[in-house]
Amino acid sequence: MAKTLPNHNPLHLKSWKALQQHQQELAQTTIADHFLQEPDRIEYSVLEWEDFYVDVSKNRINKRTLELLLQLANESGLEQAIQAQFNGVAINETENRAVLHTALRQVDSQPVLVSGKNILPEIASTKEKMYQFCEQIISGQWKGYTGKAITHVVNIGIGGSDLGPAMVYEALAFYKNHLDVRFVSNVDGDHYREKIKDLNPETTLFVVVSKTFTTQETLSNANSIRAWFLEQAPESAVKNHFAAVSTNLEKTTAFGIAAENIFPMNDWVGGRFSLWSTVGLSIALAVGPKHFEALLNGAGQMDVHFKTSTFDKNIPVVLALISIWYNNFWGAETEVLVPYTEYLRQLPAYLQQGIMESNGKGVGRDGKAVAHQTGTIIWGASGTNAQHAFFQLIHQGTKLIPADFIGFRKSIHGNQDHQQKLLANFIAQTEALMKGKSAATVETELKAKGMDTAAIAALTPFKVFEGNRPTNTLFIEQLTPYNLGALIALYEHKIFVQGILWNIYSYDQWGVELGKELANTVLEDLNSQHPQKHDPSTDALIARSK
Ligand code: G6Q
């Protein structure tokens with residue numbers, strides 16, 4: 001293994017050892033101390049790119065930490081790995097595939113070769129077909145089987161064929177047109193039933209999205225929804241109401257989808273990185289080709305930033321390194337993401353898949369079990385809501401939880417009063433997490449409230465905040481399709497950098513594939529008079545399900 005990417009044991013790198021030593025030296029220094037010791041801290045720890053202002057100063061790092069982390073990136077062969085990825089080398093070695101979601105949004109026309117063939121012309125023509133389809137549906141030119149225009153779209157897919165489109169659809173709600181798009185993913189039959197119960201088949205378009213077109217959940221939902229459709233419409237109506245996105249053109253045709261409604265995708269796009277491809281059809285339908293194009297452009301320009309900036313000014317690289325610093329040198333297990341906008345409510349769930357499916361690996365590129373920590377656990381929710389929920393644990397719990405705060409300077413609808421309150425919370429939280437509150441301050445506050453000395457002494461320990469909680473602030477001008485594209489691409493590249501440094505393969509997902517097989521055995525047993533023997537617990541559960 002590791003023919004296409006560098007192969008190293010991070011634990012043996014000089015910088016890794018130096019970072020371990022450095023962590024011990026820094027263990028007693030607080031973030032607030034770093035600010036006192038480094039007058040130029042803000043200058044070197046704020047990264048600016050287009051509409052992005054990324055402040056990493058509120059971290060347990062100093063200049064030396066960043067130097068050592070950058071050395072780690074260099075010793076790991078990151079530069080070479082970036083070139084390999086963008087050039088279409090089959091860096092997804094366990095599946096023998098290139099990783100080219102970046103080609104789908106490439107801003108120049110520099111050829112990208114897969115098996116010696118430039119894939120850019122095919123990407124352009126597929127996109128053109130997709131945009132024409134979208135224009136027809138949006139304008140009402142496309143008619144359903146009774147001559148009415150389409151008003152509702154149902155995206156049927158799961159995992160990478162659901163989370164990205166669903167997240168972006170919600171994120172870009174302000175930019176959407178009249179089409180109402182819904183997402184059906186779970187094999188739970190109540191999910192699809194609930195989503196379609198008020199739909200009119202005459203005015204609904206169903207988009208079946210499955211890279212493989214073999215996924216149990218998606219096929220079950222697609223079949224059940226088609227059966228529901230055919231209870232009301234003739235077979236000949238299917239061609240006006242069903243479209244598909246897949247690499248498996250044989251299976252989509254066999255399902256009965258008209259050839260002109262099939263939008264191909266390629267095996268060099270991983271499911272969780274596929275919203276830029278035809279998998280984004282539901283997004284393009286909802287916001288129209290112009291905004292979809294802006295989403296792609298934002299991502300494409302972030303790719304340029306990632307590819308061409310020196311590592312010290314490279315936002316995805318620096319964020320990846322800081323995350324490794326906590327994960328591998330401070331023992332942090334999780335990272336929290338808090339977008340301060342309700343539009344990005346689903347971003348943590350989306351990135352949970354991107355990050356945990358990509359870097360949740362325990363075997364190195366040398367085929368051996370790694371002896372270091374890899375993928376972080378990602379979680380989060382929108383601010384300010386999250387402040388009224390799990391922030392307690394971040395402020396006063398026993399665990400170290402590095403946080404990404406994502407905020408936008410301008411609101412979309414323009415209510416200044418709300419926006420100022422939102423931003424006040426966004427900023428105040430990172431300050432409080434860093435500074436904490438000392439016993440002396442608590443005592444003074446309680447005294448001012450007229451509390452007696454004994455009561456103050458009893459209450460003070462509970463009201464003290466240690467502080468020194470690290471945060472990154474990603475402050476972006478406004479939530480536009482372009483900036484959203486850039487933000488998603490930023491995290492995609494962070495995933496890539498971490499996978500390279502941890503010496504793992506980020507683009508396979510054997511754990512997910514396992515899930516697809518496991519259920520089949522139990523499903524057979526649920527339907528069988530003579531189920532196979534499992535363990536006593538599983539046997540009892542199977543018996544109880546009948
Ligand atoms: C993504 C994963 C996984 C996948 C789904 C759906 O990277 O591989 O989430 O997207 O299992 O697969 P299909 O698109 O093939 O139905």
Side-chain angles (χ1 to χ4, degrees), residues 85 91-102 104 126 154-168 183-188 191-192 206-226 242-255 257 262-283 346 348-361 375 378 488-489 491-496 498-499 504-520:
Q85 183 193 26
I91 60 165
N92 176 1
E93 283 190 26
T94 63
E95 295 182 322
N96 191 26
R97 286 176 184 162
V99 177
L100 282 173
H101 46 279
T102 49
L104 295 159
T126 304
V154 180
N155 187 92
I156 308 170
I158 195 165
S161 299
D162 167 70
L163 285 161
M167 184 274 286
V168 174
F183 294 85
V184 170
S185 51
N186 201 322
V187 77
D188 169 9
H191 190 199
Y192 90 83
F206 298 96
V207 184
V208 188
V209 186
S210 177
K211 182 175 168 184
T212 55
F213 227 76
T214 56
T215 306
Q216 185 196 52
E217 291 92 333
T218 303
L219 291 191
S220 301
N221 281 325
N223 279 315
S224 300
I225 287 176
R226 189 178 56 177
F242 281 80
V245 172
S246 186
T247 55
N248 196 333
L249 304 183
E250 245 169 65
K251 286 214 155 67
T252 41
T253 312
F255 184 87
I257 306 224
I262 299 174
F263 298 90
M265 65 182 289
N266 298 83
D267 73 357
W268 40 256
V269 191
R272 55 192 173 277
F273 301 96
S274 65
L275 70 87
W276 321 103
S277 71
T278 45
V279 170
L281 178 59
S282 300
I283 305 171
Q346 294 207 48
Y350 169 75
L351 287 175
Q352 246 168 4
Q353 181 194 29
I355 296 172
M356 292 163 75
E357 195 171 328
S358 301
N359 287 337
K361 312 285 164 64
I378 299 296
I488 301 169
Y491 278 102
E492 287 180 346
H493 296 315
K494 177 181 169 187
I495 293 169
F496 172 78
Q498 295 195 311
I504 53 175
Y505 287 116
S506 299
Y507 297 104
D508 58 17
Q509 56 283 314
W510 300 109
V512 174
E513 313 297 343
L514 173 73
K516 293 187 182 183
E517 288 156 24
L518 287 180
N520 289 334

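All values reported here derive from a predicted model rather than from experimental measurement. The residues of the chain are indexed from 1 along the displayed sequence. Order of listing sets the numbers, starting from 1, for every ligand and every atom in it.
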min-distance protein heavy atom vs atom 11 (O) of ligand 1 -> K516 NZ, 3.0 Å
Side chains of E93 and Y505, donor plus acceptor under 3.5 Å
yes
Using the side chain to side chain contact (heavy atoms under 4.5 Å, CB included) rule, pick out the option among V207, V269, N155, V209 that qualifies with V279.
V209
Is there any N or O on G160 that sits under 3.5 Å from an N or O of ligand 1?
yes
Who's the nearest protein heavy-atom neighbour of atom 5 (C) of ligand 1, and how far?
I158 O, 3.5 Å
Residue-ligand contact E217/ligand 1, heavy atom below 4.0 Å
no
Checking the side chain of N221 only, and the main-chain atoms of E217 only, is there a donor and an acceptor separated by less than 3.5 Å?
yes
Counting heavy atoms only, which part of K211 comes closer than 4.0 Å to ligand 1: side chain, backbone, both or neither?
both
Donor-acceptor pair, T247 side chain versus K211 backbone, under 3.5 Å?
yes
Just go through R272, E513, M265 and tell me whose heavy atom is the nearest to atom 7 (O) of ligand 1.
R272
Answer with yes or no whether the side chains of T212 and N248 bring together a donor and an acceptor at under 3.5 Å.
no
Give a yes or no answer on whether the side chain of H191 reaches the backbone of S185 with a donor-acceptor pair at less than 3.5 Å.
yes
May I ask you to identify the nearest protein heavy atom to atom 9 (O) of ligand 1, giving residue, atom name and distance to one decimal place in Å?
Q353 NE2, 2.7 Å
